[in-house]
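Below you'll find the structure, written out as structure tokens, and then a few comments.
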Amino acid sequence: MAKRSPLVFAEVDRLELKRDRYEHPHPHVQQRMEVLWLIAQGVGYGEAARLAGVSPATGDRIVSMDRCGGVEALRQLNWRGLNQ
């Protein structure tokens, strides 16, 4: 398995993750923010997923979303034609 490159978070992103993990109106987005906030605090990817209550595969998808679109991508809900 290839080693993952570490995620790097700007201070403004850390603050958004910290806020939205509790204050975003949608619980799925809160959960995504929790995973990334834990990673930003130095928790490993798998442990962050476990602590946030998601599977390792979901944790990987959340990390991928962040790598592709940043914190804003985590706020997007794109299923069943829903996009908020």
Side-chain angles (χ1 to χ4, degrees):
M1 180 175 179
K3 185 173 172 103
R4 298 178 193 157
S5 60
L7 291 174
V8 178
F9 298 93
E11 188 60 28
V12 67
D13 290 339
R14 288 176 185 266
L15 292 173
E16 289 182 39
L17 292 169
K18 183 177 180 179
R19 181 192 67 231
D20 282 356
R21 68 191 183 117
Y22 292 115
E23 296 179 11
H24 193 279
H26 199 284
H28 281 41
V29 174
Q30 290 179 356
Q31 198 169 42
R32 292 172 183 173
M33 298 296 186
E34 180 73 10
V35 170
L36 270 291
W37 184 82
L38 288 165
I39 292 169
Q41 302 310 304
V43 175
Y45 292 12
E47 183 68 0
R50 186 187 71 75
L51 290 170
V54 299
S55 71
T58 298
D60 287 343
R61 281 191 296 277
I62 292 168
V63 168
S64 179
M65 289 170 65
D66 181 68
R67 287 185 192 277
C68 292
V71 173
E72 192 55 42
L74 300 171
R75 292 186 180 111
Q76 300 301 310
L77 299 173
N78 298 315
W79 69 86
R80 295 186 200 155
L82 178 66
N83 187 351
Q84 297 180 350

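Predicted model only: the values in this text are computed from it and were never measured. Because only heavy atoms are used, hydrogens play no part in the values below, and waters and symmetry mates are left out as well, while side chains stay in. Residue numbers count from 1 along this sequence.
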Exercise for review: Return yes if a side-chain donor-acceptor contact under 3.5 Å exists between Ser64 and Arg61, otherwise no.
Suggested key: no
Exercise for review: Output yes when Arg75 and Glu16 qualify as a salt bridge under the 4.0 Å nitrogen-oxygen rule, no when they do not.
Suggested key: yes
Check your understanding: Run the side chain to side chain contact (heavy atoms under 4.5 Å, CB included) check on Met33 and Lys18 step by step: do they pass?
Key -> CA-CA 7 Å; Met33 298 296 186; Lys18 183 177 180 179; over 6 Å; no
So, do [X] and [Y] sit near enough that their side-chain heavy atoms are less than 4.5 Å apart?
| X | Y | result |
| --- | --- | --- |
| Gln76 | Glu72 | yes |
| Phe9 | Ile39 | yes |
| Leu7 | Leu36 | yes |
| Leu51 | Glu47 | yes |
| Gln31 | Val54 | yes |
| Asp20 | Arg32 | no |

**Study point:** Test item: Glu34 side-chain N/O and Ala52 main-chain N/O as donor-acceptor pair under 3.5 Å
**Key:** no
Review point. Minimum heavy-atom separation for Gly59 to Ala49, with atom names?
Key: CA-CB, 4.1 Å
Revision key, fill the gap. For Val71 and Asp66 the tightest heavy-atom approach is N-OD1, 3.6 Å
[X] side, atom [atom1]; [Y] side, atom [atom2] - distance, nearest 0.5 Å:
| X | Y | atom1 | atom2 | value |
| --- | --- | --- | --- | --- |
| Asp60 | Arg67 | CG | CZ | 9.5 Å |
| His28 | Leu77 | NE2 | CG | 8.0 Å |
| Trp37 | Arg21 | CH2 | CZ | 4.0 Å |

**Study point:** Linked, directly or transitively: Val43 and Leu15 (ILVMFWY side chains, under 4.5 Å)
**Key:** no
Exercise for review: Decide ring pair (Phe, Tyr, Trp, His ring centres under 6.0 Å) for His24 and His26; before the verdict, give the C-alpha distance in whole Å, the side-chain angles of both, and the deciding distance to 0.1 Å.
Suggested key: CA-CA 6 Å; His24 193 279; His26 199 284; 7.2 Å; no
